Amino acid sequence: MKILLTGHKGFIGSNLLPKLTEHDVTGIDVLDGQDLTTCKLPNDIDVVIHLAGRSGVRDSIKHPNAYFQNNVIASLRIFEKYKNARIIYASSSTAEEPDKNPYAYSKMTMEKLAPASSIGLRFTTVYGPNARESMFIPKLLNHDVRYINTNHSRDFIHVNDVCDAIIKVLHSNLVGICDVGTGDSNLLTDI
């Protein structure tokens, strides 16, 4: 199977790539200087696993246009180019409340633009190896959490479990939107 993996050097992509050894994988990543809005996209792809994009709520408030470009415009290009391929794309549990911040709005917009034959995976809060230092768990481990919303809870899922979910979806015929999390919410103050 020929797979295009966008964001293969990012947090989830770098953990997923070693698990796809039985497939012919082409990676595209901004860390290689490849901007999804302008780079050459390969032909003859069977499946696209689209993990590239900007994440993080706080940064989206500061840079909403960058989130629109990276999450919506780049995804639309992928969706249009690979109409005949299976597309598995990263969404977010925040897409359920798109009015909360530009990140959530960009993910909801991706879901609206995605082909009916694709599947969007609404990840909850992912943690594990290669996580960005700005994410909650790395900040907590580095004693760098400046404040915590005492009423806020999150569903935390390990990146290996997310990768396992992506692989299961890869070998399925699921379409639409699928939540990917543990189903258990934890108060941030308890963590």
Side-chain angles (χ1 to χ4, degrees), residues 3-17 26-41 48-82 87-115 118-140 142 144-146 149 152 154-159 162-163 165-166 169 177-181:
I3 297 175
L4 172 62
L5 177 59
T6 70
H8 72 285
K9 289 189 172 180
F11 173 34
I12 297 172
S14 66
N15 284 280
L16 178 64
L17 184 59
T26 300
I28 293 179
D29 200 291
V30 70
L31 294 175
D32 290 330
Q34 298 169 303
D35 180 339
L36 272 178
T37 61
T38 58
C39 72
K40 182 172 173 38
L41 297 173
V48 177
I49 302 175
H50 179 38
L51 302 177
R54 290 187 74 136
S55 60
V57 170
R58 275 194 201 102
D59 193 47
S60 76
I61 294 167
K62 294 177 188 171
H63 308 286
N65 290 338
Y67 278 72
F68 187 79
Q69 276 295 119
N70 284 278
N71 294 354
V72 178
I73 300 301
S75 296
L76 183 58
R77 185 169 183 238
I78 293 289
F79 297 156
E80 290 176 347
K81 167 79 175 177
Y82 298 106
I87 301 174
I88 301 165
Y89 66 95
S91 186
S92 167
S93 59
T94 65
E96 294 176 18
E97 299 179 305
D99 58 319
K100 297 285 186 186
N101 55 71
Y103 172 64
Y105 188 80
S106 73
K107 291 299 185 173
M108 180 274 303
T109 303
M110 284 174 61
E111 291 179 0
K112 299 269 186 213
L113 295 172
S118 67
I119 182 161
L121 303 178
R122 284 185 175 172
F123 302 137
T124 58
T125 305
V126 184
Y127 70 95
N130 303 329
R132 294 179 319 283
E133 292 297 315
S134 62
M135 295 177 77
F136 179 72
I137 296 294
K139 286 182 129 197
L140 184 65
N142 291 325
D144 189 29
V145 178
R146 295 185 183 138
N149 182 338
H152 191 71
R154 291 186 183 173
D155 178 338
F156 290 90
I157 184 167
H158 195 274
V159 68
V162 168
C163 292
I166 292 169
V169 168
I177 302 296
C178 181
D179 293 331
V180 178

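In this chain, numbering begins with 1 at the start of the sequence shown. The model shown is predicted, which means the values in this text are computed figures rather than measured ones.
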Next item on the list: Provide the closest heavy-atom pair for N70 versus A74 in the form atom of the first, atom of the second, distance.
Entry: O-CB, 3.3 Å

Notebook entry, point to check: Do the non-hydrogen side-chain atoms of H158 and P129 ever get within less than 4.5 Å of each other?
Noted result: yes

Next item on the list: Give the minimum heavy-atom separation between G56 and Y67, together with the two atoms involved.
Entry: O-OH, 3.0 Å

Next item on the list: Indicate the atoms forming the closest heavy-atom contact of A52 with T6, along with that distance.
Entry: N-OG1, 3.1 Å

Note to self: Are the side chains of F123 and I12 in contact, using a 4.5 Å heavy-atom criterion?
What the structure shows: yes

Next item on the list: Find the distance between NE2 (H50) and CD1 (I88) and round it off to the nearest 0.5 Å.
Entry: 12.5 Å

Check: If you take all heavy atoms of G53 and N71, which pair is closest and at what distance?
Finding: CA-OD1, 3.2 Å

Notebook entry, point to check: Is there side-chain contact between S75 and L113, with at least one heavy-atom pair below 4.5 Å?
Noted result: no

Item checked: Exercise: identify the closest heavy-atom pair between Y89 and M110 -> CD1-CE, 3.7 Å

Notebook entry, point to check: Is any side-chain heavy atom of I166 closer than 4.5 Å to a side-chain heavy atom of L51?
Noted result: yes

Check: Taking only residues two or more places apart in sequence, or in another chain, which ones meet D32 in a salt bridge (charged side-chain N to carboxylate O under 4.0 Å, His left out)?
Finding: K9

Check: Taking it one step at a time, do S91 and I177 satisfy side chain to side chain contact (heavy atoms under 4.5 Å, CB included)?
Finding: CA-CA 9 Å; S91 186; I177 302 296; 5.6 Å; no

Notebook entry, point to check: side chain to side chain contact (heavy atoms under 4.5 Å, CB included) with S92: which residues, sequence neighbours excluded?
Noted result: T94, Y103, K107

Note to self: For the CG atom of L121 and the CG atom of D179, what is their distance to the nearest 0.5 Å?
What the structure shows: 9.5 Å

Next item on the list: Kindly compute the distance separating CD1 (I73) from OG1 (T38), expressed to the nearest 0.5 Å.
Entry: 13.0 Å

Notebook entry, point to check: How many angstroms lie between CD1 in I87 and CD1 in I119, if you round to the nearest 0.5 Å?
Noted result: 12.5 Å

Check: Can you find a pair of side-chain heavy atoms, one from F156 and one from T124, that are under 4.5 Å apart?
Finding: no

Notebook entry, point to check: Which salt bridge (charged side-chain N to carboxylate O under 4.0 Å, His left out) pairs, counting each pair once, include a residue from residues 92-105, with sequence neighbours left out?
Noted result: E96-R122

Check: How about L36 and L41: do any of their side-chain heavy atoms sit closer than 4.5 Å?
Finding: yes

Next item on the list: Check salt bridge (charged side-chain N to carboxylate O under 4.0 Å, His left out) between D59 and all other residues, then give those that pass, not counting sequence neighbours.
Entry: R54

Item checked: All side chain to side chain contact (heavy atoms under 4.5 Å, CB included) counterparts of S14, not counting sequence neighbours -> N130

Next item on the list: List for me each residue that meets ring pair (Phe, Tyr, Trp, His ring centres under 6.0 Å) alongside Y82, sequence neighbours excluded, and say none if there are none.
Entry: none

Check: Going by heavy atoms in the side chains, are E80 and L76 under 4.5 Å from each other?
Finding: yes

Item checked: Contact summary for P102 and I61, nearest pair of heavy atoms -> CD-CG1, 4.0 Å

